[in-house]
Amino acid sequence: MAQVLCLWLLQLLLLAAVRGAQGKEAGSKTREDKIIEGYNCSPGSHPWQVALFNENQLHCGGVLVDENWVLTAAHCLMNKYNVHLGKYNLKEKEIGSQVIQATRSYLYPWYSTVTHMNDLMMIKLPEPARLGTNIRPITLPYKCAPPGTSCSVSGWGATISPDETYPDNLQCTDVKLISTSDCKKIYKHLLKEAMLCAGIPDSKTNTCRGDSGGPLVCDGVLHGLVSWGILPCGQPNEPGVYTEVCKFMPWILKTMRS
């Protein structure tokens with residue numbers, strides 16, 4: 001908890017510097033792992049979606065990439081994960097769903113807690129997921145997607161911010177990939193290598209707290225993991241920032257093999 005609080009403080013200072021350069025107020029904003037103005041996903045439409053619980057509390061999202069492996073954000077690191085698979089409504093006991101306790105996780109070696117650069121890790125399941133209609137790995141990318149690509153992001157994170165309200169049903173929203181050059185105009189030096197921006201101009205729709213590590217999917221392929229954004233969530237023209245999965249494929253494949 002102390003590490004998380006320190007990270008938030010550092011992020012607040014960094015964002016204040018950016019806001020100062022832009023001539024805007026920054027006092028009430030900080031970087032956050034954050035779906036605002038989304039909609040209920042169709043049940044069964046996201047069989048790769050994972051919910052990571054800290055005991056009985058939603059902690060983060062994740063994505064099944066193999067029957068034995070879950071990919072999520074590095075800042076979601078815990079000692080023990082209750083991995084919920086095949087879920088749609090988190091409050092209901094659903095046919096075909098599964099819960100697996102996992103303790104083995106592998107941080108990307110060069111993850112930075114200060115800048116959020118390289119924000120990904122892999123969780124090894126102690127038993128294979130029971131694949132079926134509601135549980136199925138997602139397709140991994142063989143190349144990076146270009147700016148303007150239409151994508152969707154999903155999760156059970158907050159739907160209202162800053163007074164947070166959390167949904168029972170899996171939420172989705174539609175976004176488009178934004179070029180690095182355009183995103184740097186917004187986030188300046190906060191945007192690092194292998195960070196991918198996505199949003200809709202002038203729209204409030206975005207991910208929010210609790211969506212971290214969840215999948216950004218374009219044409220059925222995983223292209224991003226929810227990493228960070230701005231608090232309060234849902235500020236127009238402040239897109240969500242994702243870990244760009246295509247840049248880490250050698251490490252992902254090597255980790256699964258070994």
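In this chain, numbering begins with 1 at the start of the sequence shown. Worth knowing before you read on, the calculation uses all heavy atoms, side chains too, and leaves out hydrogens, waters and symmetry mates. Remember, predicted model here, so these are calculated numbers, not experimental data.
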S.K.: Is any side-chain heavy atom of T173 closer than 4.5 Å to one of E37?
M.R.: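 No - every pair of side-chain heavy atoms lies 4.5 Å or more apart.
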S.K.: For the residue pair T205 / S203, report whether a side-chain donor-acceptor contact shorter than 3.5 Å exists.
M.R.: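 No.
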S.K.: Once rounded to the nearest 0.5 Å, what's the spacing between atom SG of C197 and atom CG of L177?
M.R.: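 Going from SG on C197 over to CG on L177, the span is 9.5 Å.
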S.K.: Determine the minimum heavy-atom distance between I100 and P128, stating which atoms define it.
M.R.: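 Nearest pair, atom of I100 first, then P128: CD1-O, 4.3 Å.
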S.K.: Do T149 side-chain atoms and A145 backbone N/O form a donor-acceptor pair below 3.5 Å?
M.R.: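 A pair under 3.5 Å: no.
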S.K.: Please tell me whether L222 and W251 are part of a single hydrophobic cluster in this structure, the criterion being side-chain heavy atoms less than 4.5 Å apart.
M.R.: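 Cluster IDs for L222 and W251 match.
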S.K.: Okay, side chain of K176, backbone of G199: is any donor-acceptor separation there less than 3.5 Å?
M.R.: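 Flag not set: sc K176 to bb G199 has no pair under 3.5 Å.
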S.K.: Checking the side chain of E55 only, and the main-chain atoms of F53 only, is there a donor and an acceptor separated by less than 3.5 Å?
M.R.: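 Not a single qualifying donor-acceptor pair exists.
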S.K.: Examine the side chains of T165 and T159 and answer whether a donor and an acceptor come within less than 3.5 Å of each other.
M.R.: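 No, because no side-chain N or O of T165 sits under 3.5 Å from a partner of the opposite role on T159.
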S.K.: Please confirm whether the backbone N or O of G61 pairs with a side-chain atom of T72, one donor and one acceptor, at under 3.5 Å?
M.R.: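 Answer holds: yes.
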S.K.: Should V65 and L253 be counted in the same cluster of Ile, Leu, Val, Met, Phe, Trp and Tyr side chains packed under 4.5 Å apart?
M.R.: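 In one cluster with V65: L253, yes.
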S.K.: Indicate, with yes or no, if W69 and L71 share a hydrophobic cluster defined by side-chain heavy-atom contacts under 4.5 Å among Ile, Leu, Val, Met, Phe, Trp and Tyr.
M.R.: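 Yes, because L71 and W69 connect within a single hydrophobic cluster, where side-chain heavy atoms sit under 4.5 Å apart.
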S.K.: Contact between P167 and N169 at the side-chain level, heavy atoms closer than 4.5 Å - yes or no?
M.R.: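 Heavy-atom side-chain distance check fails, nothing below 4.5 Å.
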S.K.: Write down the atom of I186, the atom of P239, and the distance for their closest heavy-atom approach.
M.R.: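 That would be CD1-CD, 3.6 Å.
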S.K.: Can you give me the closest heavy-atom contact between N68 and E127, atom names plus distance?
M.R.: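 That closest heavy-atom pairing would be OD1-C, 4.2 Å.
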S.K.: Determine all donor-acceptor pairs shorter than 3.5 Å in which one atom belongs to a side chain in residues 131-138; sequence neighbours excluded.
M.R.:
{"unit_1": "N134", "atom_1": "ND2", "unit_2": "I95", "atom_2": "O", "d": "3.3"}

S.K.: Walk me through whether W156 and Y166 qualify under ring-ring contact (aromatic ring centres under 6.0 Å, His included).
M.R.: CA-CA 7 Å; W156 289 276; Y166 290 83; over 10 Å; no
S.K.: So, taking the atom named CD1 in I230 and the one named CG in N206, what distance separates them when rounded to the nearest 0.5 Å?
M.R.: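 Separation between the atoms: 9.5 Å.
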S.K.: Are the side chain of D119 and the backbone N or O of H116 linked by a donor-acceptor pair below 3.5 Å?
M.R.: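 Side chain of D119 to backbone of H116, a donor-acceptor pair under 3.5 Å: no, none is there.
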S.K.: So, S45 and S42: side-chain donor and acceptor under 3.5 Å apart, yes or no?
M.R.: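 The criterion, which ignores hydrogens and geometry beyond distance, is not satisfied for S42 and S45.
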S.K.: Report yes if the side chains of V217 and W48 come closer than 4.5 Å at any heavy-atom pair, otherwise no.
M.R.: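 They are in side-chain contact.
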S.K.: Please examine the side chains of S150 and C218, heavy atoms only from C-beta on, and report whether any two atoms are closer than 4.5 Å.
M.R.: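 When only atoms from C-beta onward are counted, S150 and C218 do not touch, as no gap falls below 4.5 Å.
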S.K.: Got a second to check how far L191's CG is from D182's CG, nearest 0.5 Å?
M.R.: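 Going from CG on L191 over to CG on D182, the span is 11.0 Å.
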S.K.: For Y142 and M249: C-alpha separation, side-chain torsions, deciding distance, then whether side chain to side chain contact (heavy atoms under 4.5 Å, CB included) applies.
M.R.: CA-CA 8 Å; Y142 65 92; M249 283 305 300; over 6 Å; no
S.K.: Could you check whether any side-chain N or O of H59 sits under 3.5 Å from a backbone N or O of C76, counting only pairs where one atom can act as donor and the other as acceptor?
M.R.: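 Such a contact is found between H59 side chain and C76 backbone.
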S.K.: Find the distance between CG (D66) and CZ (R257) and round it off to the nearest 0.5 Å.
M.R.: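 CZ of R257 is found 12.0 Å from CG of D66.
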S.K.: Just by modelled atom types, is the K192 backbone N or O under 3.5 Å from a matching donor or acceptor in the Y187 side chain?
M.R.: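 A pair under 3.5 Å: no.
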S.K.: Can you list everything that forms a salt bridge (Lys or Arg N to Asp or Glu O under 4.0 Å) with D219? Sequence neighbours excluded, please.
M.R.: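 Result, salt bridge (Lys or Arg N to Asp or Glu O under 4.0 Å) vs D219: none returned.
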S.K.: If you group Ile, Leu, Val, Met, Phe, Trp and Tyr by side-chain heavy-atom gaps below 4.5 Å, do L85 and L90 land in one group?
M.R.: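 As far as the 4.5 Å side-chain criterion goes, L90 and L85 are not connected within one cluster.
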S.K.: Is there side-chain contact between M256 and M122, with at least one heavy-atom pair below 4.5 Å?
M.R.: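 M256 vs M122: side chains touch.
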S.K.: Linking I/L/V/M/F/W/Y whenever any side-chain heavy atoms sit under 4.5 Å apart, do M78 and L107 land together?
M.R.: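 Yes, M78 and L107 fall within the same hydrophobic cluster.
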S.K.: If you define the side chain from C-beta out and look only at heavy atoms, does anything of V221 sit under 4.5 Å from L140?
M.R.: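 Not touching, per the 4.5 Å side-chain cut-off.
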S.K.: Quick check: do M117 and E193 have side-chain heavy atoms less than 4.5 Å from each other?
M.R.: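 In short, these two side chains touch, coming nearer than 4.5 Å.
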S.K.: Is there a donor-acceptor pair under 3.5 Å between the side chain of K87 and the backbone N or O of N89?
M.R.: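 Answer holds: yes.
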S.K.: Knowing that exactly one of Y108, Y242, W110 qualifies, which makes a ring-ring contact (aromatic ring centres under 6.0 Å, His included) with F248?
M.R.: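 When ring-ring contact (aromatic ring centres under 6.0 Å, His included) is applied between F248 and each of Y108, Y242, W110, only Y108 qualifies.
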S.K.: Do V70 and V63 make a side-chain contact, defined as non-hydrogen atoms from C-beta onward lying under 4.5 Å apart?
M.R.: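 No. Closest side-chain heavy atoms not under 4.5 Å.
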S.K.: How many angstroms lie between SG in C246 and CG in L196, if you round to the nearest 0.5 Å?
M.R.: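 Between atom SG of C246 and atom CG of L196 there are 7.5 Å.
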S.K.: Among pairs that include at least one residue of residues 91-106, which meet side chain to side chain donor-acceptor pair (under 3.5 Å), considering only residues two or more places apart or in two chains?
M.R.: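 Qualifying pairs: Y81-S105, N82-Q101, K91-D168, R104-Y106.
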S.K.: I need the R209 CZ to L58 CG distance, nearest 0.5 Å.
M.R.: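 CG of L58 is found 11.5 Å from CZ of R209.
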S.K.: Which atom names give the shortest non-hydrogen contact between V175 and A198, and what distance separates them?
M.R.: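 Scanning both residues completely, I find the closest heavy atoms to be CG2-CB, 3.8 Å.
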S.K.: Keeping T243 on the side-chain end and V245 on the backbone end, is there a donor-acceptor pair under 3.5 Å?
M.R.: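 No; judged by distance alone, with no hydrogens or angles, the pair does not exist.
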S.K.: Which pair of heavy atoms, one from L170 and one from H46, lies closest together, and at what distance?
M.R.: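 So the two residues come closest at CD2-CB, 3.9 Å.
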